Amino acid sequence: DPEYIKECLENVEKMQALYINGDRAVALIKATEDPEYIKECLENVEKMQALYINGDRAVNLIKETGDSEYIKEKWLENVKKMQALGIEGRNAVILIKATKDIEYIKKLLKNKEKTKALNIQDFHAIELIRTVEEKEPGYIKEYIKNHIKNRKINELESTFLAQAIIMTGDAEFIDYCENSDVLNHETREILDRFTKMPPVTLPDKMTIGVEIESEGLASREEIAGIIGNLSWKLKPDDTLDDGIEAVPSSGLTPSTAGDEIYGACKALCLSGQTISERCGGHIHIGADYLTDLQDWKNLRTIWNDTEKILYIISNRKGEIPRKGVLVYARPISGNDESKQETINLENESDLEKFIVGTKIIQGTRYSGINYCNVGRKEKNTIEFRLPNGTLDPTTWIENINFFGGLVRVSHELSKIMLKSEEQRTEEEKKMLYNYEVIQMEQDERKVAEALIGLCVSQEQMQTYLDRYDAVSYTHLTLPTIA
């Protein structure tokens with residue numbers, strides 16, 4: 001009975017007493033199936049606030065009216081009203097898209113004052129630009145060319161500009177922008193990292209997995225259509241805002257990982273997906289590469305002695321660990337070291353029991369290194385959860401090479417330890433020396449050099465040393481070791 005529902009809705013105190021607010025109140029208002037009544041409710045801002053109908057809930061109701069002109073005139077043109085109900089940023093973008101008016105969207109994109117008032121940042125605007133591009137192919141190129149012509153191109157945030165250029169999908173245009181003298185260094189560097197990826201340098205027998213987390217308004221069907229023949233699964237991620245997690249359908253190999261990751265990152269960029277501080281960039285390495293007890297002991301020793309450094313060097317140069325890293329990638333070394341006496345590291349012959357003991361020490365899977373998948377038939381992996389989320393394929397490859405290298409060297413050290421001093425090559429002696437340095441040296445920079453030297457080749461070392469140097473000397477509060 002719509003009239004009875006309306007009568008109930010008029011008594012806010014009664015609604016509050018019955019805990020009918022938020023999503024429940026929205027559902028009740030929508031149940032009247034009366035667009036004019038919905039508008040009447042929305043106009044009463046105080047009532048909406050009293051019923052906790054704000055942000056995405058308010059947007060949900062406004063869209064329910066199905067009236068494009070109403071959305072524009074009564075809401076989008078009334079910034080104070082929008083702000084009163086917390087309709088800003090991503091929620092404002094959703095409302096703008098709901099108008100389905102391409103000319104209006106183009107007009108808003110030019111109105112920097114209004115977009116700023118509605119907290120529509122560049123990474124939000126990506127979705128609006130993509131919406132226009134779908135209806136008017138070539139719009140993004142014109143958008144970028146106009147900024148170049150008006151000498152305002154570098155007023156755009158570098159990550160946003162690089163993604164917009166990539167979203168054109170035009171190799172010649174991307175090349176033109178990359179080689180022009182109008183883009184600032186940071187934007188050109190981001191484009192380079194997307195178009196000039198390093199190779200994966202891990203052993204052929206090692207398997208690789210990744211979880212590419214992103215946020216945005218694109219549907220999984222839209223993204224899947226762009227990914228095409230590449231083998232990826234897309235699933236919602238409730239820890240993010242409009243989050244999607246892309247994972248390979250099966251394990252990647254060193255020969256396939258580069259192309260697959262590039263294709264997935266490109267598809268997500270073309271779909272208008274973006275990265276936030278909530279996103280992680282988790283990497284899985286096949287646990288079957290470690291074949292005996294000493295391999296696992298080596299891995300745990302390296303991790304425990306270098307954990308703080310690992311937090312520093314897990315992200316692109318100059319990028320600090322995300323805010324949620326201590327929630328979803330907690331330090332483990334302190335806990336591990338304090339409880340190692342519960343496992344006999346010298347005489348334990350049952351590898352399966354040793355791994356079970358390691359999992360118990362770890363506790364939750366939300367650790368920087370996650371052993372919980374080890375031994376699972378469908379997903380026998382060691383997961384590294386430290387890196388931030390990214391759509392930069394070069395960062396993905398760099399992190400895969402590093403964490404895969406950590407697993408590789410844990411295995412190789414075991415074989416070297418079985419050799420006599422005379423049998424060891426100079427390179428093998430250097431590896432053992434670095435292994436000792438990370439356990440004994442007090443100078444953190446020297447420990448970082450030893451760690452990086454163990455995990456990657458001489459030619460690759462500078463990338464990770466740059467990461468360390470860019471972050472270690474800031475006033476950043478790094479994760480506290482448990």
Side-chain angles (χ1 to χ4, degrees), residues 123 157-163 165-166 174 178 185-202 208-215 232 240 244-248 252 254 256-270 273-285 309-325 328-329 368 383-406 448 451-452 455-457 459-472 476:
F123 61 87
E157 195 269 327
S158 293
T159 303
F160 162 78
L161 178 55
Q163 183 168 355
I165 293 170
I166 292 165
I174 294 171
E178 195 171 6
H185 172 74
E186 186 179 357
T187 304
R188 287 201 304 273
E189 184 181 9
I190 294 171
L191 288 173
D192 276 346
R193 293 178 68 81
F194 209 98
T195 57
K196 300 174 183 177
M197 292 164 53
V200 176
T201 54
L202 299 178
I208 303 161
V210 296
E211 299 173 18
I212 305 179
E213 297 178 357
S214 65
E215 297 181 339
W232 290 78
L240 309 174
I244 285 181
E245 180 181 282
V247 297
L252 303 174
T256 63
D259 287 343
E260 286 281 348
I261 290 170
Y262 171 79
C265 288
K266 182 179 179 181
L268 291 165
C269 281
L270 291 173
Q273 294 292 107
T274 57
I275 298 300
S276 77
E277 62 185 18
R278 290 172 289 276
C279 299
H282 307 160
I283 291 169
H284 293 257
I285 300 295
I309 296 168
L310 289 164
Y311 275 93
I312 296 172
I313 64 174
S314 288
N315 302 303
R316 181 184 160 193
K317 178 183 174 182
E319 190 174 303
I320 64 174
R322 64 198 182 279
K323 288 183 178 179
V325 74
Y328 296 107
E383 182 185 17
F384 300 94
R385 299 175 59 86
L386 296 185
N388 297 343
T390 183
L391 296 182
D392 170 355
T394 289
T395 296
W396 277 107
I397 300 306
E398 289 170 352
N399 285 343
I400 285 169
N401 284 337
F402 183 82
F403 288 110
L406 174 56
L451 169 65
I452 294 166
C455 296
V456 299
S457 69
E459 294 75 24
Q460 296 170 316
M461 281 188 66
Q462 195 59 48
T463 292
Y464 309 94
L465 288 172
D466 287 346
R467 290 182 177 192
Y468 177 83
D469 291 336
V471 176
S472 63
L476 167 70

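Reckoned from all heavy atoms, side chains included, excluding hydrogens, waters and symmetry mates. Note that the structure is a prediction, hence the values are computed from the model and not measured.
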Verdict with supporting geometry, Ile261 and Val210, side-chain contact (heavy atoms from CB on, under 4.5 Å): CA-CA 9 Å; Ile261 290 170; Val210 296; 4.1 Å; yes

Residues Glu383, Ile283; criterion side-chain contact (heavy atoms from CB on, under 4.5 Å); working and verdict: CA-CA 6 Å; Glu383 182 185 17; Ile283 291 169; over 6 Å; no

side-chain contact (heavy atoms from CB on, under 4.5 Å) between Trp232 and Glu260, intermediate numbers included: CA-CA 9 Å; Trp232 290 78; Glu260 286 281 348; 2.8 Å; yes

Worked verdict on Leu240 versus Cys279 for side-chain contact (heavy atoms from CB on, under 4.5 Å): CA-CA 7 Å; Leu240 309 174; Cys279 299; 4.1 Å; yes

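Rounding to the nearest 0.5 angstrom, the gap separating the NE2 atom in His282 from the CD1 atom in Ile212 is 12.0 Å. Rounded to the nearest 0.5 angstrom, Glu319 CD and Asp392 CG are separated by 9.0 Å. The distance from atom CD of Glu186 to atom CG of Leu191, rounded to the nearest 0.5 Å, is 11.0 Å. One finds the CH2 atom of Trp396 at 9.0 Å from the CG atom of Leu391 (value rounded to the nearest 0.5 Å). Ser314 contributes atom OG, which lies 7.5 Å from atom CZ of Arg467 (distance to the nearest 0.5 angstrom). Between Leu406 atom CG and Ile285 atom CD1 the span is 9.5 Å, to the nearest 0.5 Å.
Salt bridge Glu213/Arg278: absent, no basic N to carboxylate O contact under 4.0 Å.
Put simply, the side chain of Phe402 reaches to within 4.5 Å of the side chain of Leu310, judged on heavy atoms. Residues Ile397 and Pro199 fail the side-chain proximity criterion, which asks for heavy atoms closer than 4.5 Å. Proximity of Ile275 to Thr159: side-chain heavy atoms (C-beta onward) are nowhere separated by under 4.5 Å. In this structure, the side chains of Gln460 and Asn401 come closer than 4.5 Å at one or more pairs of heavy atoms. Within the 4.5 Å cutoff, the side chain of Arg193 has no heavy atoms near those of the Pro393 side chain. Contact of the Pro321 side chain with the Leu386 side chain is not registered, since no non-hydrogen atoms from C-beta on lie closer than 4.5 Å. In this structure the side chain of Phe403 never reaches within 4.5 angstrom of the side chain of Ile208, judged on heavy atoms. Leu161 has its side chain out of reach of Glu157: every pair of non-hydrogen atoms, C-beta onward, lies at least 4.5 Å apart.
Partners of Asp259 under the salt bridge (Lys or Arg N to Asp or Glu O under 4.0 Å) rule, at least two apart in sequence or in another chain, do not exist in this structure. Arg316 meets the salt bridge (Lys or Arg N to Asp or Glu O under 4.0 Å) test with Glu189; sequence neighbours excluded. In this structure Leu270 satisfies the side-chain contact (heavy atoms from CB on, under 4.5 Å) test together with Met167, Ile226, Lys266, sequence neighbours excluded.
Val200 approaches Gly258 most closely through the heavy-atom pair CG2-N, 4.2 Å. Pairing each heavy atom of Arg322 with each of Arg385, the nearest pair is NH2-O, 3.0 Å.
In this structure a side-chain-to-backbone donor-acceptor pair under 3.5 Å is present from Tyr464 to Glu398. Within the 3.5 Å criterion, the main-chain N or O of Pro387 finds no donor-acceptor partner in the side chain of Asn315. No donor-acceptor distance shorter than 3.5 angstrom exists from the side chain of Asp466 to the backbone of Lys317, with no hydrogens or angles considered.
For the 3.5 Å distance criterion, the side chains of Thr274 and Glu215 fail to qualify, holding no donor opposite an acceptor.
Checked against the 6.0 Å centroid criterion, the rings of Tyr262 and Phe194 qualify as a close aromatic pair.
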